[in-house]
Visitor: 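What follows is a single structure, and I will ask about it in a moment.
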Amino acid sequence: MVTEVTPRLAAERATTPTRRGRPRRRVGVSRRYRWVGLAFVAPGLLLYGFVVLFSLFRSVSYSFYKWDGITKATWVGVQNYTTFFTDPVLLGSLGHVLVLVVFFAVLPILLGLMSAAMLGRRQRPGAGFFRWVLFLPQVITSVVIAIIWKRIYSPNGPINASLRAAGLDRLVHNWLGDFNLALPALGVIGTWAGFGFCMVLFTAGVAAIPNELYEAAEMDGAGAFRRFLAVTLPGLRAQLSVALVLTVTAALRTFDLVWITTHGGPGTSTMTPAALLYKAAFQNPQVGLASAIGVIVAVLCLAVALLITRVSERGS
Amino acid sequence: MASAGSTHPGSEPRAVHLSRRQLLTGAAASAALAAVAACAPGGNDNSGANAPSTVSTDLTKLGNVHLKMLDFWPSGAENDWMNSVVKQFHAKYPNITITRTSQDWGDLNSTLNLRLADNGGPDIATANQGWQALGTYAKGHLVVDLSKYADAYKWKGRVPESLLRQQEFSSDGKQMGTGALYAVPVASSSIIGINYNKKILSSLGIQVPTTLAEFEAACAQIKAAGQVPINFESLDAGPATALLWDLQAMYGTKQNVAGFVYGDSSISVGNTGLLDAAQKVKQWADNGWFTPNYAGIAYQDSVDSFKKGKGAFQFNYSGTLSPTGTEQNDFGFTLLKQVNGGSTVGVGSSRAAVVISAKSAHPDAAAGFLDFLLSRQTAQAAVDNNLTPAFYPDLTMPTNRPEFAEEVKAVQTMDADDGYVPYFDWTTNTLLDTVSRQLQTMLAGKTTPQNMLDAAQADRQKFASAG
C-alpha cells in the first residue's frame, strides 16, 4: 500500500515529523502561522466563495421557485425537477447527450489510443506534422468550428458535392435538417474536435512509459497488439480517466455546437439540456426551471467524474 | 516512496482532527452562504405601479439633462438612422443630451431585465414586445407607465390603435393589449410581406399577384417552367415562421388573431387561421414549391440565394432583403389580400417598443424623446436611411429605389387601414419555440397541421393557468 502514496503526499508527510517535533511552546506560533496562511488564502477564498459557491447555492435555491427573473418568485417545491423528469422534450434531451457521449468521448478516446499507439513510441517521419494537424481543431474556437461545419453540412456543401461527384447521389442528405441524421452529424463534429486532445494526452502518456516494460514484453514474445493491451493501455490509466472525465462532462454540457448549427432542431431532435437551460434562462423567462436544469446537469457531471475516478483508482 | 513509511505515527490523529475542523468550518460557511442565497428571489411586485404623478411636456424648462439610451441598432442603416434622430433632437432641445449604447438584438434582450433593475442603468431602452420581454418588464414595474404622457402628447390620435395596443398591459400584469401604455412604437415599422423576383415573373409573363389564388397560380406556372417558386428554409426555424404568420393573417381575421394573442379566452386557436395556414404550408411543400433541401438550408444562406436569383418569391420581414444599387430594380415587395373580405392586413409592428426605465431620474425628458421618436422627422430620417417609415403618408421619397418604394407603400397601406396584426408568438413566452418546432416536424411528415394547432392551444392554456 505504501507505493500507492503519490509523490507529493509522500513529500508532505516526510516533512511532517520535523515540524511537529518542535517544542510545545512553539505551538502558539505555528497556530498564528496558520491564521497568517489563512489570511493569504482569504482573497482567493472569498472570490471563490462568491463566484462559485454563492452562485451554486443561489442556483439551487432558485430551482425551487417559479420565477420570471423580475417579479416576486413563488415557491413551487420540487416542481421544476418533476417537470424535468416528466417533460418529454427535457427528458429527450438527456437521451441526446447519451448519444453525444459516444461521439464526444468514446470515439475520440478510441481514435486517440490508436494514434497514440502508432505515433507515440518511435519517431516516425512526419509524426510531428500529423500531431499538429490532428491537434488543430483543439485550438479553434468552438463557435468557429460550428460555423465551418454548418457550411460543410449544407445541402450544397462539400460533403454532398463530393458524394455527387463520386456518383453516390443516394447518399446525399440534408445532414442537419434530417430528424435521424442531425444528431449523429453533430456528434461527428465533436469527434473531430475532441480527437486531437485525446491523441496529445495519450502520446504524452505513452512517452512516459518506461521502455524496459516494452522490451520485457517483447522478450516474452508479445506482438504489437499484445504489447498495446499489456503495457500501453495499463500505462495510460491516469490519462484515460482524465480524458474520460473531460470528454463525458463536455458531452453532457454541449451547448455552443448545437446552438449555432441547429438550435436543437429539427423539431427537438438535437436538443440538449444546456440549450434548454439557455432558452429558459435568457429567452423565455423561466429562471427556476433553468436553475433546475443546471443543477441536474451539474449533479450528473459530478457523478460521472466521481464514478470514473473511483473505477480508475480501484483498478490500479 | 519509501520515505512515506517514516511518517510520524502521532501526526495521524491530529491530521484527522484538523480535517474535521476544516470540514465543520467549511460546512458552517457553506450553510451561511446557503442561508444568504436561499431567500426568495425577485420582489419588485410590491413597489406599486410606476406612473409619474405629474408630467411636464415643456422640455426647455427641464434644465440640462443627460439621458442614457440602450438600443438594439448597433450597425448599418438602423444605427445611422438613430444617430441622425438623436442629433436632430439635440438640435431642437440643446439642454438635453442623449448618449447611445448599442448592442446586438439577442444580447440586449437577454440582459435588459437586469439592466432596467440597475440604478445606473439606461433611462431609455428598446424592448421586444410580447410576454417574453415587455410584458414581464411591465409586470415587474421595471418600466414607467406612460399613460399620462400619452394623454399629454396626444399619442392616441397619432398612432394607429392596432400598433399602440401592442404595448399595453393591465395593471396586474396578466393581460396584454389593454390597460396602461408601457412603451411607445417608433415612426418606423417592420412587416412581413412577399419579396418577388421581377426578372423571373416577367420572363414567364406573370403579373405581381395580389391574392392568394393568383399567388398559387403563379407558383404552379413557375414550377412548371422548372424554376423554384418559393425560396424557403427551415433549418433556422424561428425565421421560417414568417411564411406561416403571413398566411395566418390571410386566413384569420385581424380581430381574432389579435384577440388570441391578447389573451381573449373566448377565441380558441381554431379561430385564428393557423390550421389553414399550416395546411397551406404543408401543401406547398408537398407540391415541391419550396427550395429543394430547404430543411438543411440556413436563414442567411436562403436570403443570399434569393438575392442571387434563386426563387421567384420569398416571405420576408420588410428591410431583410435591402437590395443595393441596381438590385433595387430586380426585386419588389407586395402584400396579399385576405382570403375572405379582401382587405390587406399584415403581420407587423414598430421597429421597436421604446421604454423609460422606472429608475430614470428624468422621465419627462425621456418622454420628450419618445414623442420625438413618433415625429415626422424620425419617419423622414428612416426613409433617408432606407428604412420603412410609419404613420406619415407624405414623406419625401427617394426616386431611385423601386423595391424600397414598394415596401414603404405596403407599410403605408397598413397604417391607413389600421391593419397591423400582432405576431402570434407574443401570446406566451414559449409559443415561438413550440410552433417553430412543430413547423419542422410537420414538414418532415412526422406530425399533422392539426398537431401544430393542438400544441399551440396547449401552450397557451399552460401559460394562462400558470398565471
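Here is how names work: the chains are called A, B, and so on, in the same order as the sequence lines, proteins then strands, and each is numbered from 1. Remember, predicted model here, so these are calculated numbers, not experimental data.
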Visitor: With sequence neighbours left out, write down each residue that passes salt bridge (Lys or Arg N to Asp or Glu O under 4.0 Å) with B/Asp304, or none if nothing qualifies.
Guide: none
Visitor: At their closest point, which heavy atom of B/Gln440 faces which heavy atom of A/Phe179, and how far apart are they?
Guide: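 Smallest interatomic distance, heavy atoms only, reads O-CE1, 3.6 Å.
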Visitor: Of all the heavy-atom pairs spanning B/Ile297 and A/Pro155, show the shortest one and how long it is.
Guide: CG1-CG, 3.7 Å
Visitor: Given the rule in the side-chain contact (heavy atoms from CB on, under 4.5 Å) test, do B/Lys139 and A/Ile70 qualify, once you have shown the distances and angles that lead to the verdict?
Guide: CA-CA 8 Å; B/Lys139 199 172 161 187; A/Ile70 296 172; over 6 Å; no
Visitor: Heavy-atom pairs under 4.5 Å with chain A are the metric here; pick the option from B/Thr428, B/Asn113, B/Thr111, B/Asp236 that has the most.
Guide: B/Asn113
Visitor: How about A/Arg164: does its CZ atom have over 12 heavy atoms from other parts shown lying under 6.0 Å from it?
Guide: yes
Visitor: How far apart are the closest heavy atoms of A/Asn174 and B/Ala295, and which atoms are they?
Guide: ND2-CB, 3.8 Å
Visitor: List, one per line, each side-chain donor-acceptor pair under 3.5 Å for residues 273-285 of chain A, sequence neighbours excluded.
Guide:
| from | atom 1 | to | atom 2 | distance (Å) |
| --- | --- | --- | --- | --- |
| A/Lys279 | NZ | B/Asp433 | OD1 | 2.9 |
| A/Asn284 | OD1 | B/Gln132 | NE2 | 3.0 |
| A/Asn284 | ND2 | B/Asp433 | OD2 | 3.3 |

Visitor: Please report the interatomic distance CG(A/Asn156) to CG(B/Asn293), rounded to the nearest 0.5 Å.
Guide: 7.0 Å
Visitor: Sort A/Val172 into side chain, backbone, both or neither according to what part of it lies under 4.5 angstrom from a heavy atom of chain B.
Guide: neither
Visitor: With a 4.5 angstrom heavy-atom cut-off, could you sort out which part of B/Asp301 is near chain A: side chain, backbone, both or neither?
Guide: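 Answer is side chain: those atoms of B/Asp301 sit under 4.5 Å from chain A.
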Visitor: In terms of heavy-atom proximity below 4.5 Å to chain B, should A/Thr261 be classed as side chain, backbone, both, or neither?
Guide: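 The backbone, not the side chain.
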